[in-house]
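We count residues from 1, following the sequence as given.
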Amino acid sequence: MEVSVSGMNVLPESCVAVILSLTSPSDACKSSSVSTVFGSAADSDLVWDKFLPSDYHEIVSKACNTTFLFASKKQLYHLLCNPVLIADGKMSFKLDRPSGRKSYILSARQLSIRSSNDPMSWTWKSIPESRFSDVAELISSSRLEINGNIKSKKLSPNTKYGAYLLLKITERAYGLDLIPSETSIEIGNQTFKNTAYLRCQDDKKHRLENLFYSNRKQMMKSRVVKGDDRVMSRREDGWMEMELGEFFNGESDEEVKMSLMEIKGHQLKGGVIVEGIEIRPKA
């Protein structure tokens with residue numbers, strides 16, 4: 001049986017608030033224009049407390065260089081829809097505004113990068129376009145291996161997630177396309193693997209490398225797991241992203257392991273800047 005808006009208006013505001021708390025943040029915002037009762041209920045702490053993550057107190061307490069001033073749970077929710085640095089500035093957190101689902105970015109400092117402490121292989125530096133204090137730039141290495149992990153309980157339950165390596169390719173980049181990298185996502189006893197290419201920005205350089213190393217490229221490709229050879233895409237924030245894979249996060253407490261590895265060949269390479277790995281909900 002359908003209930004009309006006029007019928008809903010005779011309900012106490014607290015009852016309307018309970019009903020709205022069972023919807024979504026997007027629906028609650030839309031309902032505020034229905035009537036005065038709906039508008040008042042849609043702004044109530046009862047509704048927005050349901051939309052805030054259960055660990056929001058911990059997130060707010062660990063925020064770096066941010067003072068949360070809010071008069072209501074709704075205001076706090078919208079504040080958390082903007083990126084917030086946590087974990088001593090080594091992670092970024094935010095809520096997806098329409099759904100309230102959580103996303104994180106693990107900075108390069110939170111990742112395990114092979115030989116990242118070797119100044120001949122990697123250098124750590126600050127760049128103005130990064131949200132973190134420093135990033136890792138690959139100087140020269142014949143083996144690329146980047147790993148990250150996060151506890152599934154930190155993420156929103158019953159949600160499909162994607163993991164993305166955030167990076168830039170410098171003008172001096174070389175040796176990145178001769179062998180596809182293996183990407184993987186592991187959660188519980190499930191492992192999902194694929195392949196990806198770290199494409200250079202310089203198309204002319206890319207064509208020349210294909211010309212001179214085509215035979216080696218085919219030989220190297222035969223050594224890795226078969227996949228769809230994903231390439232990077234450009235983000236609105238100016239960075240590039242490489243999808244490492246996707247997974248469904250249920251309600252159990254497991255570790256999510258994410259990786260990009262180029263370990264089946266020995267091709268010297270350089271010119272990659274790593275900012276981190278983003279774990280965000282997928283539509």
Side-chain angles (χ1 to χ4, degrees), residues 59 62-66 80-96 102-119 121-141 143-150 154-155 161-177 181-185 194 196-202 230-246 256-262 269-282:
I59 293 167
K62 292 184 177 180
C64 304
N65 302 322
T66 301
L80 291 176
C81 290
N82 298 303
V84 178
L85 288 179
I86 59 174
D88 297 324
K90 295 178 181 178
M91 295 176 65
S92 176
F93 167 88
K94 79 169 189 174
L95 295 176
D96 177 63
K102 298 191 285 185
S103 66
Y104 288 87
I105 300 178
L106 312 180
S107 73
R109 288 291 188 186
Q110 284 284 96
L111 306 179
S112 174
I113 302 176
R114 181 181 174 84
S115 302
S116 62
N117 293 323
D118 179 2
S121 299
W122 291 85
T123 183
W124 291 90
K125 64 181 184 179
S126 298
I127 58 175
E129 56 267 41
S130 177
R131 68 209 85 207
F132 301 112
S133 60
D134 51 7
V135 296
E137 181 176 352
L138 177 64
I139 304 303
S140 181
S141 177
R143 182 170 174 176
L144 184 61
E145 185 173 340
I146 301 171
N147 296 280
N149 60 77
I150 189 170
K154 286 183 173 291
L155 306 173
Y161 275 92
Y164 305 84
L165 180 66
L166 308 185
L167 63 156
K168 287 182 180 289
I169 307 298
T170 69
E171 293 182 356
R172 60 171 290 277
Y174 62 94
L176 300 178
D177 286 338
S181 300
E182 291 185 353
T183 65
S184 73
I185 298 287
N194 216 316
Y197 276 104
L198 299 175
R199 297 293 190 196
C200 294
Q201 291 176 319
D202 187 342
R230 295 169 177 169
V231 295
M232 297 181 297
S233 59
R234 187 172 297 279
R235 296 160 53 97
E236 292 182 356
D237 60 9
W239 286 85
M240 306 291 288
E241 68 179 28
M242 171 67 70
E243 184 174 357
L244 301 178
E246 59 185 39
V256 183
K257 300 177 182 178
M258 305 153 285
S259 70
L260 179 140
M261 298 185 185
E262 194 177 61
K269 63 190 69 68
V272 178
I273 298 176
V274 177
E275 187 187 34
I277 293 178
E278 180 175 29
I279 306 99
R280 67 172 186 261
K282 299 195 75 169

A.B. asks: Test I146 against every option in T183, I113, L138, L244 by the side chain to side chain contact (heavy atoms under 4.5 Å, CB included) rule and name the one that passes.
C.D. replies: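 Single side chain to side chain contact (heavy atoms under 4.5 Å, CB included) partner of I146 among T183, I113, L138, L244: I113.
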A.B. asks: For R172 versus I139, what's the shortest heavy-atom pair and its separation?
C.D. replies: NH2-O, 3.1 Å
A.B. asks: Is the backbone N or O of G238 less than 3.5 Å from a side-chain atom of K168, with the two atoms forming a donor-acceptor pair by type?
C.D. replies: yes
A.B. asks: Any side-chain heavy-atom pair from Y161 and V256 closer than 4.5 angstrom?
C.D. replies: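 No, their side chains stay 4.5 Å or more apart.
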A.B. asks: For K282 versus G162, what's the shortest heavy-atom pair and its separation?
C.D. replies: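 It is CG-N, 3.4 Å.
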A.B. asks: Any non-hydrogen side-chain atom of N194 less than 4.5 Å from a side-chain atom of E243?
C.D. replies: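 A side-chain contact under 4.5 Å is absent here.
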A.B. asks: Restricting to non-hydrogen atoms, name the atom on Y174 and the atom on S140 that form the minimum distance, rounded to 0.1 Å.
C.D. replies: OH-OG, 3.2 Å
A.B. asks: Enumerate the residue pairs fulfilling side-chain hydrogen bond (donor to acceptor under 3.5 Å, both in side chains) with a member in residues 102-115, sequence neighbours excluded, ordered by first and then second residue.
C.D. replies: D55-K102, R109-D134
A.B. asks: List the atom of M258, the atom of L106, and the distance in Å for their closest heavy-atom pair.
C.D. replies: CE-CD1, 4.1 Å
A.B. asks: Residues in side-chain contact (heavy atoms from CB on, under 4.5 Å) with S130, at least two apart?
C.D. replies: I127, F132, V135, W239, E275
A.B. asks: How far apart are the C-alpha atoms of R235 and E278, what are their side-chain angles, what is the distance that settles it, and do they pass the side chain to side chain contact (heavy atoms under 4.5 Å, CB included) test?
C.D. replies: CA-CA 12 Å; R235 296 160 53 97; E278 180 175 29; 2.7 Å; yes
A.B. asks: Under 4.5 Å between any side-chain heavy atoms of L166 and R131, yes or no?
C.D. replies: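 The answer is yes, as the side chains (C-beta and beyond) meet within the 4.5 Å cut-off.
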A.B. asks: Is there a side-chain contact between L167 and I273, using heavy atoms and a 4.5 Å cut-off?
C.D. replies: no
A.B. asks: Identify the heavy atoms of L198 and L176 that sit nearest to each other, and give their distance.
C.D. replies: O-CB, 3.1 Å
A.B. asks: Hey, is CG on D88 packed in by over 12 heavy atoms from elsewhere, all under 6.0 Å?
C.D. replies: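 No, not enclosed.
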A.B. asks: Considering all heavy atoms of both residues, which atom of N147 and which atom of S259 are nearest to each other, and what is their separation?
C.D. replies: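 Looks like OD1-CB, 3.1 Å.
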